[in-house]
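Below is one structure, written out as structure tokens; comments come after it.
As a basis for the values below, the full set of heavy atoms in this structure was taken, side chains included, without hydrogen atoms, waters or symmetry mates. Note that this is a predicted model, so its numbers are computed, not measured.
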Amino acid sequence: MGHLLIFGLGYTAGRIAAAMRDAGWQVRATGSAGDIAFADREAALAALDEASHILSSVPPDRTSGSDPVLDAYGEALRGRPLFYLSSTGVYGDRAGAWVDEATPTIAQSGEGRRNARAEADLAWLNLGARVFRLPGIYGPGRSALDRVREGKARRIDLPGQVFSRVHVDDIASGVVAALVQDAPAGAYNLGDDLPCSGNEVTEHACRLLGLPLPPLESLEAANLSDMARGFYMENRRVANGKAKRGLGWQPRYPTYVEGLAALL
């Protein structure tokens with residue numbers, strides 16, 4: 001079986017690691033939950049030599065905008081089977097239109113605000129990686145149900161604002177399918193089948209829990225962080241047909257309705 005090295009064993013990569021171990025693969029990883037220190041160059045290079053496949057879930061550095069994995073180990077990655085967890089944020093604002101993998105990213109078109117993730121996405125593609133573009137991720141401990149229970153759910157009054165989301169286990173199944181098949185290099189969108197507003201998901205979570213709806217707020221009155229405000233200023237629907245056709249991927253939770261019901 002294969003030997004997978006993961007850079008950054010976080011929430012999503014941890015689910016991928018568990019699924020690959022269940023499939024009989026050996027898995028090593030950097031990160032607080034991993035067995036290798038990222039800065040231990042000797043250990044990391046030794047693990048790279050042993051690995052048959054390499055996955056990075058490490059985002060660009062918020063200060064410099066550079067990719068830590070490519071900066072530290074880029075030369076050692078060349079010519080290897082590479083897999084990278086990216087974001088559908090690379091497409092920028094599309095005014096609610098559908099995007100697919102043929103849609104130019106901000107880094108490819110030069111349009112839109114500078115996006116370090118888009119630059120990293122392009123760098124990994126140029127290395128021949130399988131790049132998984134992920135929308136809003138939810139799952140155990142990280143869903144609209146948790147935000148409603150904790151009193152942290154928001155409803156923002158932005159008519160027509162739409163985005164996509166995906167259950168963390170559906171990300172894992174898509175990445176696993178690509179790993180075991182040695183899927184062709186390129187980008188793959190892993191999102192569910194029902195892009196919709198965040199308000200719709202929050203309202204459904206409130207109904208499931210029998211709790212009142214949070215108040216509807218204007219974007220200005222909500223006093224959001226710059227990061228959250230930037231999220232609400234982007235509007236797009238993400239198509240997932242390529243992953244279904246190319247990887248044989250079918251999301252277990254095709255909409256938030258099934259996903260929240262399972263989490264409940």
Would you say the side chain of [Y] lies within less than 4.5 Å of the side chain of [X], judging by non-hydrogen atoms?
| X | Y | result |
| --- | --- | --- |
| Pro195 | Trp98 | yes |
| Arg15 | Pro140 | yes |
| Pro251 | Val166 | no |
| Leu122 | Val131 | no |
| Trp124 | Ser86 | no |
| Leu224 | Arg154 | yes |
| Glu258 | Asp192 | no |
| Leu85 | Val175 | yes |

Could you tell me whether Tyr84 and Phe7 have their ring centroids closer than 6.0 angstrom?
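For Tyr84 and Phe7, the ring centres are not under 6.0 Å apart.
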
Pairs flagged by ring-ring contact (aromatic ring centres under 6.0 Å, His included) wherever residues 11-34 is involved - sequence neighbours left out:
Trp25-His53

In Å, rounded to the nearest 0.5 Å, how long is the span from [atom1] of [X] to [atom2] of [Y]?
| X | Y | atom1 | atom2 | answer |
| --- | --- | --- | --- | --- |
| Leu45 | Glu75 | CG | CD | 11.5 Å |
| Leu158 | Glu217 | CG | CD | 11.0 Å |
| His3 | Leu48 | NE2 | CG | 14.0 Å |

Indicate yes or no for a side-chain donor-acceptor contact from [X] to the backbone of [Y] under 3.5 Å, with no hydrogens or angles considered.
| X | Y | value |
| --- | --- | --- |
| Asp93 | Asn235 | yes |
| Ser57 | Ala13 | no |
| Ser87 | Arg133 | no |
| Asp61 | Ser66 | no |
| Glu50 | Leu4 | no |
| Asp121 | Arg117 | no |
| Asn189 | Ala239 | yes |
| Asp170 | Tyr253 | yes |
| Arg80 | Ala51 | yes |
| Arg236 | Val99 | no |

Establish whether [X] and [Y] are linked, either directly or via other cluster members, by ILVMFWY side-chain heavy-atom contacts under 4.5 Å.
| X | Y | value |
| --- | --- | --- |
| Leu55 | Val168 | yes |
| Ile171 | Leu179 | yes |
| Met1 | Leu5 | no |
| Leu127 | Val58 | yes |
| Tyr73 | Leu70 | yes |

Take Cys196 and Arg165 through the test side-chain contact (heavy atoms from CB on, under 4.5 Å) and record every step on the way to the result.
CA-CA 9 Å; Cys196 67; Arg165 61 199 50 78; 3.3 Å; yes

Counting only heavy atoms not in Arg252, do more than 12 fall under 6.0 Å of its CZ?
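Counting neighbours around CZ of Arg252, 12 or fewer heavy atoms of other residues, nucleotides or ligands fall under 6.0 Å, so no.
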
Tell me if the CD atom of Glu220 is crowded by more than 12 foreign heavy atoms within 6.0 Å.
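Yes, because the 6.0 Å sphere around CD of Glu220 holds more than 12 heavy atoms from other groups.
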
Met20 and Val180: CA distance, side-chain angles, deciding distance, side-chain contact (heavy atoms from CB on, under 4.5 Å) verdict:
CA-CA 9 Å; Met20 294 308 295; Val180 299; 4.2 Å; yes

Leu263 vs Asp146, side-chain contact (heavy atoms from CB on, under 4.5 Å): CA-CA, chis, key distance, verdict:
CA-CA 10 Å; Leu263 293 172; Asp146 301 285; 5.8 Å; no

Axial cation check for Phe132 ring with Arg130, 6.0 Å and 45° limits
no

Those residues that, when tested against Leu216, pass side chain to side chain contact (heavy atoms under 4.5 Å, CB included) (two or more places apart)
Arg155, Asp157, Asn199

State plainly whether the residues Lys242 and Asp100 are in salt-bridge range, i.e. N to O under 4.0 Å.
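So Lys242 does not pair with Asp100 through a salt bridge.
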
Asp193 vs Lys244, side-chain contact (heavy atoms from CB on, under 4.5 Å): CA-CA, chis, key distance, verdict
CA-CA 11 Å; Asp193 295 337; Lys244 289 180 175 179; 2.8 Å; yes

